[in-house]
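This report concerns only the one structure given below.
These numbers come from the heavy atoms of this one structure, side chains and all, not from hydrogens, waters or symmetry mates.
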Amino acid sequence: MNARRFSFSPRARLQVATLLVLALALLGPMGGMSMVSVARCVLLVGALGGLGWWWWRRGVRGTSAASLERLKVVSRAGLSPRCGLALVEVEGRDFLVTFGDAFAHVHALPERRQAAPFVLAPARRPRPGRGMRRGMRS
C-alpha cells in the first residue's frame with residue numbers, strides 16, 4: 001500500500017497559514033479565552049503534530065531503505081596514483097572494474113557456484129583392546 005505524498009507549493013502553504021490566522025482571529029473572542037492563549041494552544045498542537053508527522057515519516061523511510069543494496073563495492077586497490085582496481089557487486093553479480101584518469105573497463109566475472117554442503121562422516125571410535133598389536137605388551 002503506497003501512501004500518497006502531499007507536497008504543498010509555497011502558494012498553498014501561504015493560503016493555509018492565512019486561513020489559520022483568520023480562524024484564530026474568529027475563535028479568540030468566542031470562547032471566552034484570550035487571543036494569546038488560543039494562539040498558544042494552536043501552536044502547541046501544530047508543533048506536536050508536526051513532530052509526530054516527521055517522526056512517523058522518518059520511521060517509514062527507515063524500513064523501506066533496508067531493502068537489498070543494488071550496488072556494493074566489495075574491495076578496492078590502487079595500482080598506481082592514477083589507476084585502480086575494484087571488485088563491485090551489482091544485483092548479485094560480480095564485476096571487476098579497472099579505472100584511471102582517461103579510461104574505465106568493466107569485466108564481468110563468472111557467477112559463483114554455491115558449494116554443496118557436505119556432511120562429514122562421524123569419526124570412528126577405536127574399539128577397546130584394539131589400540132595395541134597382539135603380542136606387544138608394555
Side-chain angles (χ1 to χ4, degrees):
M1 181 168 135
N2 293 333
R4 286 187 161 187
R5 293 185 183 193
F6 296 104
S7 60
F8 295 116
S9 67
R11 180 180 178 186
R13 290 180 187 171
L14 184 63
Q15 289 174 348
V16 169
T18 304
L19 287 174
L20 286 175
V21 169
L22 287 175
L24 279 175
L26 293 175
L27 291 176
M30 296 176 84
M33 295 174 61
S34 70
M35 190 72 131
V36 174
S37 60
V38 170
R40 285 180 183 164
C41 290
V42 169
L43 286 175
L44 180 65
V45 168
L48 289 176
L51 181 64
W53 176 80
W54 172 77
W55 199 4
W56 179 74
R57 292 297 295 166
R58 184 176 173 216
V60 169
R61 281 194 196 118
T63 57
S64 66
S67 63
L68 181 65
E69 293 181 15
R70 295 183 70 189
L71 178 86
K72 180 180 171 185
V73 177
V74 178
S75 71
R76 183 180 179 276
L79 301 176
S80 71
R82 295 178 178 227
C83 297
L85 181 71
L87 179 61
V88 178
E89 184 178 332
V90 179
E91 295 181 352
R93 292 201 56 207
D94 292 332
F95 295 94
L96 188 64
V97 180
T98 56
F99 57 91
D101 282 345
F103 70 95
H105 297 286
V106 178
H107 306 280
L109 296 177
E111 291 187 21
R112 288 183 261 169
R113 292 187 180 179
Q114 296 292 333
F118 56 92
V119 179
L120 294 174
R124 295 183 181 177
R125 289 189 286 167
R127 288 192 235 164
R130 297 278 182 167
M132 295 174 48
R133 289 187 179 178
R134 290 184 187 166
M136 295 179 67
R137 297 185 187 231
S138 53

Would you say [X] and [Y] are hydrophobically clustered, going by side-chain heavy atoms of ILVMFWY under 4.5 Å?
| X | Y | value |
| --- | --- | --- |
| Leu87 | Leu79 | yes |
| Val74 | Val88 | no |
| Phe103 | Leu96 | no |
| Phe95 | Leu71 | yes |
| Val97 | Leu85 | no |

Would you please name every residue forming a ring pair (Phe, Tyr, Trp, His ring centres under 6.0 Å) with His107, sequence neighbours left out? none
Side chains of Phe99 and Arg82: does their closest heavy-atom pair fall under 4.5 Å? no
Could Lys72 and Glu89 be called an ion pair, given the rule that one side-chain N must be under 4.0 Å from one carboxylate O? no
Could you pull out the closest heavy-atom pair between Arg93 and Leu109, with the gap in Å? NH2-O, 4.2 Å
